[in-house]
S.K.: 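Got a structure for you, questions after.
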Amino acid sequence: MDRFNSKDDLLNSRLNHTFYQRDALTIAPEILGKTLVRAWPDGTRICLPISEVEVYLGTHDRACNASKGKTERNQIMFANGGVIYMYLVYGMHWMFNIVTGTVDQPEALLIRGIGNIYGPGRVTRHLQLDKHFYGEDLATSEMIWLEEAPPVKRYSTGPRVGINYAGEPWVSMPWRYKI
DNA sequence: TTGAAGATGATT
DNA sequence: ATCATCTTCAAG
């Protein structure tokens, strides 16, 4: 029973650290279709499949927020996988990222779509996610986690959105995964 | 202390 | 094509 993290997981199959602490490019196609669960204290829940993600891969990836080294804002990306990295863009949109890999391997998956809600800013607004979720652990949290689901058979890949400033080859890497 | 840029979304 | 809106970080 040591693969379970809490009593929640006796009924459901919450993904644990072993899922997250791998290479982001390996996880990306696997995480599509997995059930994202957002729970509130009053019992309200939103359960939707992850439908679109983007990979941000380490300090050499010029589009990655960790490309210029560790800062106060991005430091959680350098932690072990399974925690949440939240940050604000354009002064108004919160981005929901899942940190992957192991310590000092700053990778993350940007959640761009859940169900038929597409757009990273729309996702966080719908799920009511903001800076308070910075560092939240998906393996143990009572507010948000992922559950196992059948693998997605068909998905498409393409270049990431909004990173033209990163230049080649990063603008062209097909690191956007969509059902 | 300041300012420029930004993993966006809604509207024109 | 433009604007709304503000944090972060590096430069001065």
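Below, all heavy atoms of this structure are taken into account, side chains as well, without hydrogens, waters or symmetry copies. Chain naming here is simple, since letters A, B, ... match the order of the sequence lines and numbering starts at 1 in each. All values reported here derive from a predicted model rather than from experimental measurement.
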S.K.: Give one of base, sugar-phosphate or nothing for R125(A), where a contact means two heavy atoms less than 4.0 Å apart.
M.R.: sugar-phosphate
S.K.: Looking at Y85(A), I'd like to know if the NZ or CZ of R73(A) sits under 6.0 Å from its six-membered ring centre while staying within 45 degrees of the ring's axis.
M.R.: no
S.K.: Give the nucleotide from the list dT8(B), dG9(B), dA4(C) with an atom nearest to the side chain of M92(A).
M.R.: dA4(C)
S.K.: Strictly below 4.0 Å: does R62(A) bring a side-chain N or O up to OP1 or OP2 of dG6(B)?
M.R.: no
S.K.: Should the heavy atoms of other residues, nucleotides or ligands under 6.0 Å from CD of E168(A) be counted, would the total exceed 12?
M.R.: yes
S.K.: So for atom CZ, which belongs to R176(A), do other residues, nucleotides or ligands contribute more than 12 heavy atoms lying within a distance under 6.0 Å?
M.R.: yes
S.K.: Calculate the interatomic distance between H126(A) atom NE2 and dT8(B) atom C1'; express it in whole Å.
M.R.: 18 Å
S.K.: Is any side-chain heavy atom of I46(A) closer than 4.5 Å to a side-chain heavy atom of H126(A)?
M.R.: yes
S.K.: Between dA10(B) atom P and Y118(A) atom OH, what is the distance in whole Å?
M.R.: 16 Å
S.K.: Measure CG/L57(A) against C1'/dA7(B) and give the value in whole Å, please.
M.R.: 14 Å
S.K.: Quick check on side-chain contact (heavy atoms from CB on, under 4.5 Å): which of N16(A), I31(A), V37(A) does L146(A) satisfy it with?
M.R.: I31(A)
S.K.: Where each pair must be Watson-Crick or G-U wobble with both distances under 3.5 Å, what dot-bracket representation of DNA chain C is obtained, with crossing pairs in [ ] and other-strand partners as |?
M.R.: ||||.||||||.
S.K.: What are the two closest non-hydrogen atoms of F78(A) and G69(A), and how far apart are they?
M.R.: CZ-C, 3.9 Å
S.K.: Take the protein atom CH2 of W94(A) and the nucleotide atom P of dG9(B), then report the distance between them rounded to whole Å.
M.R.: 15 Å
S.K.: Measure the distance from CZ on R160(A) to P on dT8(B) and round it to the nearest whole Å.
M.R.: 12 Å
S.K.: With sugar-phosphate meaning primed atoms plus P, OP1 and OP2, does L110(A) contact a base, only sugar-phosphate, or nothing at under 4.0 Å between heavy atoms?
M.R.: base
S.K.: For dT8(B) and R112(A) - does any side-chain N or O of the residue sit under 4.0 Å from the phosphate oxygens OP1/OP2?
M.R.: yes
S.K.: For the side chain of R122(A), starting at C-beta, report the closest nucleotide among dT5(C), dA10(B), dA7(B).
M.R.: dA10(B)
S.K.: Kindly state each residue pair satisfying ring-ring contact (aromatic ring centres under 6.0 Å, His included) with at least one member in residues 92-123 of chain A, sequence neighbours excluded.
M.R.: none
S.K.: Got a list of protein N/O to nucleotides 7-12 of chain C N/O distances below 3.5 Å?
M.R.:
residue	atom	partner	partner atom	Å
dC9(C)	OP1	T71(A)	OG1	2.3

S.K.: Identify whether NZ of Lys or CZ of Arg in R22(A) sits under 6.0 Å from the centre of the six-membered ring of Y20(A) and within 45° of that ring's axis.
M.R.: no
S.K.: Please state how far atom CD1 in I111(A) lies from atom C1' in dA7(B), giving the value in whole angstrom units.
M.R.: 12 Å
S.K.: Flag as yes if Y90(A) stacks onto the base of dG9(B) (centroids under 5.5 Å, planes under 30°), otherwise no.
M.R.: no
S.K.: Should R112(A) and E54(A) count as an ion pair when the cut-off is N to O under 4.0 Å?
M.R.: yes
